[in-house]
Peer 1: 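This structure is in structure tokens; I'll ask about it shortly.
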There are 2 protein chains.
Amino acid sequence: MTSEQRRIQPRKQPRQIRAELTRQRILTAAAHIFAEYGYAAGTTNRIAERARVSIGSLYQYYPNKDAILAELLTRHLDGDRATETLRAHKDRPDPLEDIIRVFVHTVIENHLDDPALLRIMLEQAPRSSELIERITQQEWEMIGDLRELLDRHPEARVNDKDTAARLVAYTVELTVHSLVAAPNSIDVTRLENELVAMITSYLRTER
Amino acid sequence: MTSEQRRIQPRKQPRQIRAELTRQRILTAAAHIFAEYGYAAGTTNRIAERARVSIGSLYQYYPNKDAILAELLTRHLDGDRATETLRAHKDRPDPLEDIIRVFVHTVIENHLDDPALLRIMLEQAPRSSELIERITQQEWEMIGDLRELLDRHPEARVNDKDTAARLVAYTVELTVHSLVAAPNSIDVTRLENELVAMITSYLRTER
DNA sequence: CACAATTATGAGCAATTGTTCAGTTCGTCC
DNA sequence: GGACGAACTGAACAATTGCTCATAATTGTG
């Protein structure tokens, strides 16, 4: 930032395709290593070895170990379509059950990619303030959208809408996360059906 | 084991009260340190320091670091009254909602003790096969009891009872765990109310 | 080909951490 | 009070790990 910038290009772009490939190899290897060994035991040397790259190269692309997991997590969060799906459907005149189903379905899809890695990332990732904020923000977005759904949809009859929105968001995220990544994995279709049934009946029941 | 044993006493019992106290001090200190620093950064030296005990003494009572967390977890699991509470109530002629409420309430109570430590234990504990088994068994007991409740209680109307039992067990455990230990903690009474409402309406609704 | 910029290498450093063990202190019992 | 074992101490060891840096290889350019 000291010298004048003539270009608007993002800094430090790789000049050769080779570099981009190496970077990608490191990331892929890291995903495998972290998923298999966990974060602490997933050493940078192991990652480099698996990527068939020297440890020096690894540190040319990532300033430290945390940064590798951070990028993996960022990519996952970027690929998360749950919030926008909910937002796109929450004002439609569809039956409540349909909206909930689309939402649940999207969350499940999001977890089917690499459950083991996802588990590591969410449970063992170093709690850097930046990433925490990122995740928290995404959570609250989802809760906010759910809250609006409860306010507007004619079928919704819950009393404590604030708590309900949080409960639903957490229930879906957590049960899907746990039951999909579980060693004794559940049938995904059944999970979706029951989850939708549970939430829908809850939201519709007057008390 | 080389010499003949005349006594049937359990081996290696502490002979002096001093020893028992030291052991207790170590455990208490470990609980604090793990809760504050997490598992990896909660070093044995830090624990010993906090317990005002030399590192050597610590290793006289615990063969290694894992063993300390294992004992903490064991004690927590031993203190878990959720399964028995459910078992005690599941065959009573009470309204379904009451049974569910007692169950949810017990789970919440169990998490109110030391949420931070519990979080560490469940999320960062080294996955020794022994402890995993212990936890898994306790989980399946709970699921089994829920399953029986669904079979016998007249108000229960779910279709897919197997999936429902698992879903309910996980929903309660996970949401309570997350929402109670969350930095932005939720009102516990509200959580209980909504959780009970959600599960009850789910289990009672015919489809 | 020359040469410079980019990319890759890997031995080794610095720091941390779990653990040991030779020696000291304390408690108990005759 | 003396003797023996239980309990305690903490400096030091061994292993691991994240990371650096001097050097080498590769690629693009004229």
Side-chain angles (χ1 to χ4, degrees), chain A residues 3 7 9-30 33-34 36-72 120 124-128, chain B residues 2-3 5-7 9-30 33-34 36-72 120 124-126 128:
Chain A
S3 67
R7 316 204 177 154
Q9 289 191 0
R11 56 177 183 141
K12 199 66 178 295
Q13 263 198 343
R15 307 303 172 96
Q16 301 176 13
I17 329 106
R18 188 168 47 138
E20 192 56 47
L21 288 177
T22 304
R23 199 188 168 84
Q24 188 56 50
R25 286 230 306 287
I26 294 171
L27 215 55
T28 307
I33 295 292
F34 283 144
E36 185 173 348
Y37 294 88
Y39 183 71
T43 70
T44 48
N45 282 289
R46 246 199 272 260
I47 293 172
E49 189 187 18
R50 163 123 196 186
R52 271 174 301 177
V53 154
S54 77
I55 183 63
S57 289
L58 186 149
Y59 278 94
Q60 200 157 29
Y61 293 101
Y62 297 94
N64 52 53
K65 188 181 171 182
D66 290 6
I68 304 177
L69 197 83
E71 179 156 337
L72 284 172
I120 302 298
Q124 301 180 19
R127 304 309 201 179
S128 84
Chain B
T2 58
S3 67
Q5 295 179 268
R6 301 210 185 88
R7 314 199 179 161
Q9 287 191 0
R11 57 179 181 140
K12 201 64 179 296
Q13 263 196 343
R15 308 302 173 95
Q16 302 176 12
I17 329 105
R18 186 169 46 139
E20 192 55 48
L21 288 177
T22 304
R23 198 188 171 84
Q24 189 54 51
R25 288 232 304 286
I26 294 171
L27 215 55
T28 308
I33 295 292
F34 283 144
E36 183 172 350
Y37 293 89
Y39 183 70
T43 70
T44 48
N45 282 287
R46 247 198 273 260
I47 293 172
E49 189 187 17
R50 163 123 197 185
R52 273 174 298 176
V53 154
S54 79
I55 183 64
S57 290
L58 187 149
Y59 277 96
Q60 201 157 27
Y61 293 102
Y62 297 95
N64 53 52
K65 186 182 171 181
D66 290 6
I68 305 176
L69 197 83
E71 179 156 336
L72 283 172
I120 302 298
Q124 301 179 20
S128 85

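Here is the naming used below: chain letters follow the sequence lines, and residue numbers restart at 1 for every chain.
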Peer 1: Of the listed nucleotides (C:dG18, C:dC26, C:dT28), which one gets closest to any side-chain atom of B:Ile17?
Peer 2: C:dT28
Peer 1: Checking all strands, does A:Asn64 fall into the base, sugar-phosphate, or nothing category for heavy-atom contacts under 4.0 angstrom?
Peer 2: sugar-phosphate
Peer 1: Hey, is the side chain of B:Tyr59 poking within less than 4.0 Å of OP1 or OP2 on D:dG10, counting only N and O atoms?
Peer 2: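 Checking D:dG10 against B:Tyr59, no side-chain N or O comes under 4.0 Å of OP1 or OP2.
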Peer 1: Starting at CD of B:Gln24 and ending at P of D:dA7, how long is that distance when rounded to a whole Å?
Peer 2: 16 Å
Peer 1: Checking contacts here: which listed nucleotide (D:dC19, C:dT17, D:dT27) is nearest the side-chain heavy atoms of B:Thr43?
Peer 2: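 Within the option list, the nearest is C:dT17.
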Peer 1: Should A:Tyr61 be listed as having a side-chain N or O under 4.0 Å from OP1 or OP2 of C:dT7?
Peer 2: no
Peer 1: Ignoring the backbone of B:Thr44, work out which of D:dT17, C:dA8, C:dT19 is nearest its side chain.
Peer 2: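 Of the candidates, C:dT19 comes closest.
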Peer 1: Between D:dG18, C:dG27, D:dG10, which nucleotide gets closest to the side-chain atoms of A:Asn45?
Peer 2: D:dG18
Peer 1: Looking only at the side chain of A:Ser54 (C-beta and beyond, no hydrogens), which of the listed nucleotides C:dG27, C:dT9, D:dA11 gets closest?
Peer 2: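 The closest nucleotide is C:dT9.
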Peer 1: Closer than 4.0 Å, any side-chain N/O of A:Ser57 to the OP1 or OP2 of C:dT7?
Peer 2: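 So the side-chain polar atoms of A:Ser57 never come under 4.0 Å of the phosphate oxygens OP1 or OP2 of C:dT7.
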Peer 1: Take the protein atom CD of A:Gln60 and the nucleotide atom C1' of D:dT26, then report the distance between them rounded to whole Å.
Peer 2: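 Checked: the CD to C1' distance equals 13 Å.
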Peer 1: Without decimals, in angstroms, what is the distance between A:Ile33 CD1 and D:dG18 C1'?
Peer 2: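 For the pair A:Ile33 CD1 and D:dG18 C1', the rounded distance is 16 Å.
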